[in-house]
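So you know, we letter chains A, B, ... as the sequences are listed, proteins then strands, and number each from 1.
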There are 2 protein chains.
Amino acid sequence: MSQSQPASARSGVVELDAIDRHILAILQRDARIPNTELADEVGLTPAPTLRRVRRLEEEGIIHRYVALLDPKQVGRDLMVVVRVTLDKQTKQGFETFAEHMRNRPEVLECYLCLGDTDYLLKVCLPDLDAYQKFLVDVLAAIPGVRNTASTIVVKQEKYTTSLSLE
Amino acid sequence: MSQSQPASARSGVVELDAIDRHILAILQRDARIPNTELADEVGLTPAPTLRRVRRLEEEGIIHRYVALLDPKQVGRDLMVVVRVTLDKQTKQGFETFAEHMRNRPEVLECYLCLGDTDYLLKVCLPDLDAYQKFLVDVLAAIPGVRNTASTIVVKQEKYTTSLSLE
DNA sequence: GTTGAAATAACGTAAAC
DNA sequence: GTTTACGTTATTTCAAC
């Protein structure tokens, strides 16, 4: 190796050792585990464990800690995936649409995509009535929306936010 | 009201008052907020605040606490949404497929859907090379998979796990 | 049934090594 | 990475509304 920099400095991606990956795997499962317990699980004492967690937070590898709710128990029984195409694909049109989606709390995810579909949305709502209102009052009201195609979710077979770090 | 039971007991959906919803909104933003601070924000003292949080956990309204990572910083630069249709729609075929998806860490979400599409998948991987391997070695290898259509995500315009509790 | 106050135990955190 | 020490927090108990 003639390079003097480590891989992390060259690529911009921070190098993670086995213990870091172990910490991340655990925190992705249980964000509220006490530091002492986390330290036990990864085979370190609390001090260096806490230093690693703080580093992972500061580097932005750990983006945030969140509580996940049960949608059904809070009255969100309907999930819909929507494919959206825009009339004319201008920078302004894209930005307008994305901004609208960011302002709508029922829109959990919004992705700009390759192919026939311009945007993919994941929308979570109480029922079909609320969804119909969303289609008409929100989506159809955004200038430049040509077409939408809705796929209704019947059953959630898997849902995880955990990235496997192999 | 002639009913002797409260609404929560009748519907199976737990009743949430304004403070509960406030707590849930905060914990969905920051799962690691100290209980003392949470108490301040919702206008209670720590003891009753903690009791409410524990109740929300026990009832399963709070499903879990997780750390969300930055996919790019852990080398997961590619996200793909896949529509899958099965050959014959038998109970066994569905269950086999769903079980395969649950065992694949790169599959973050899997939904059984109405309409032309049988399953929708959200898959997160390092690059297109890894995705090609996933298509050939994983998806195509599952018996009963008739057809797949992949939509590649170019940009994540919005991503949240927070449910708005209006 | 829910809250508030006080006491204890557990934990997070920083320093020195 | 370890040990020690300190301040903060979680958690329980019990009294009050």
Side-chain angles (χ1 to χ4, degrees), chain A residues 6-9 14-70 73-75 162 165, chain B residues 1-70 73-74 162 165:
Chain A
S8 58
V14 184
E15 194 78 358
L16 300 172
D17 67 16
I19 296 178
D20 289 329
R21 290 197 297 272
H22 197 177
I23 289 173
L24 291 173
I26 293 168
L27 289 176
Q28 284 188 105
R29 278 195 281 104
D30 178 10
R32 296 190 84 168
I33 186 174
N35 185 56
T36 48
E37 204 174 315
L38 179 63
D40 271 353
E41 286 205 39
V42 302
L44 291 178
T45 50
T49 304
L50 187 62
R51 278 198 291 265
R52 281 168 181 264
V53 172
R54 291 287 175 266
R55 201 196 77 226
L56 293 166
E57 290 169 357
E58 278 156 23
E59 283 165 342
I61 293 172
I62 295 175
H63 179 243
R64 65 197 317 193
Y65 300 97
V66 302
L68 300 180
L69 308 189
D70 178 355
Q73 289 210 56
V74 294
S162 282
L165 304 180
Chain B
M1 289 267 274
S2 60
Q3 307 245 9
S4 58
Q5 295 173 312
S8 59
R10 285 202 305 279
S11 65
V13 175
V14 184
E15 193 80 358
L16 299 173
D17 67 16
I19 297 179
D20 288 329
R21 289 196 298 271
H22 197 178
I23 289 173
L24 292 174
I26 293 169
L27 290 177
Q28 285 187 105
R29 280 194 279 103
D30 178 8
R32 297 189 82 168
I33 187 173
N35 184 56
T36 48
E37 203 174 314
L38 179 63
D40 271 352
E41 287 204 37
V42 303
L44 290 180
T45 50
T49 304
L50 186 62
R51 271 196 296 271
R52 281 169 181 262
V53 171
R54 291 287 175 265
R55 200 196 76 225
L56 293 166
E57 291 168 357
E58 277 156 25
E59 283 165 342
I61 293 172
I62 296 175
H63 180 243
R64 64 197 317 192
Y65 301 97
V66 302
L68 299 180
L69 309 189
D70 178 354
Q73 289 209 57
V74 293
S162 283
L165 304 180

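- A:Q73 places a side-chain N or O within 3.5 Å of a backbone atom of B:E59 that can act as its donor or acceptor partner.
- Within the model, atoms CD1 of A:I62 and CZ of A:R55 stand 9.5 Å from one another, a figure rounded to the nearest 0.5 Å.
- Distance check, rounded to the nearest 0.5 Å: CD of B:E41 to OG1 of B:T36 gives 10.5 Å.
- Nucleotide C:dC11 holds its P atom 13 Å from the CG atom of A:L38, rounded to whole Å.
- Computed from coordinates, the B:L44 CG to C:dA5 P distance equals 12 Å when rounded to whole Å.
- Contact annotation: A:T45 side-chain N/O to D:dT2 OP1/OP2 distance is under 4.0 Å.
- For B:P48, taking side-chain heavy atoms from C-beta onward, the closest of the listed nucleotides C:dA15, C:dG4, C:dT2 is C:dG4.
- In this structure, the nucleotide among D:dG1, D:dT12, C:dT3 sitting nearest to the side chain of A:I19 is D:dG1.
- Side-chain proximity of A:A47 to the nucleotides D:dG1, C:dT3, C:dA14 is greatest for C:dA14.
- In this structure, the CG atom of B:D40 is 12 Å from the P atom of C:dG4, given to the nearest Å.
- Rounding to the nearest 0.5 angstrom, the gap separating the CG atom in B:L50 from the CG atom in B:L38 is 9.0 Å.
- Annotation: the span from A:I23 atom CD1 to A:L165 atom CG amounts to 12.0 Å, rounded to 0.5 Å.
- In this structure, A:L27 places its CG atom 15 Å from C1' of C:dG12, rounding to the nearest Å.
- Nucleic acid contact class of B:R55 (heavy atoms, under 4.0 Å, all strands): none.
- At distances below 3.5 Å, not a single donor-acceptor pair connects side-chain atoms of A:D70 with backbone N or O atoms of B:H63.
- Mapped onto DNA chain D by nearest heavy atom, B:R51 and A:G43 fall at different nucleotides, with A:G43 at the one closer to the 5' end.
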Show me the protein contacts with nucleotides 5-10 of chain D, counting only N or O atoms at under 3.5 Å.
residue	atom	partner	partner atom	Å
D:dA10	OP1	B:N35	N	2.4
D:dA10	OP2	B:N35	N	3.1
D:dA10	OP2	B:T36	N	3.1

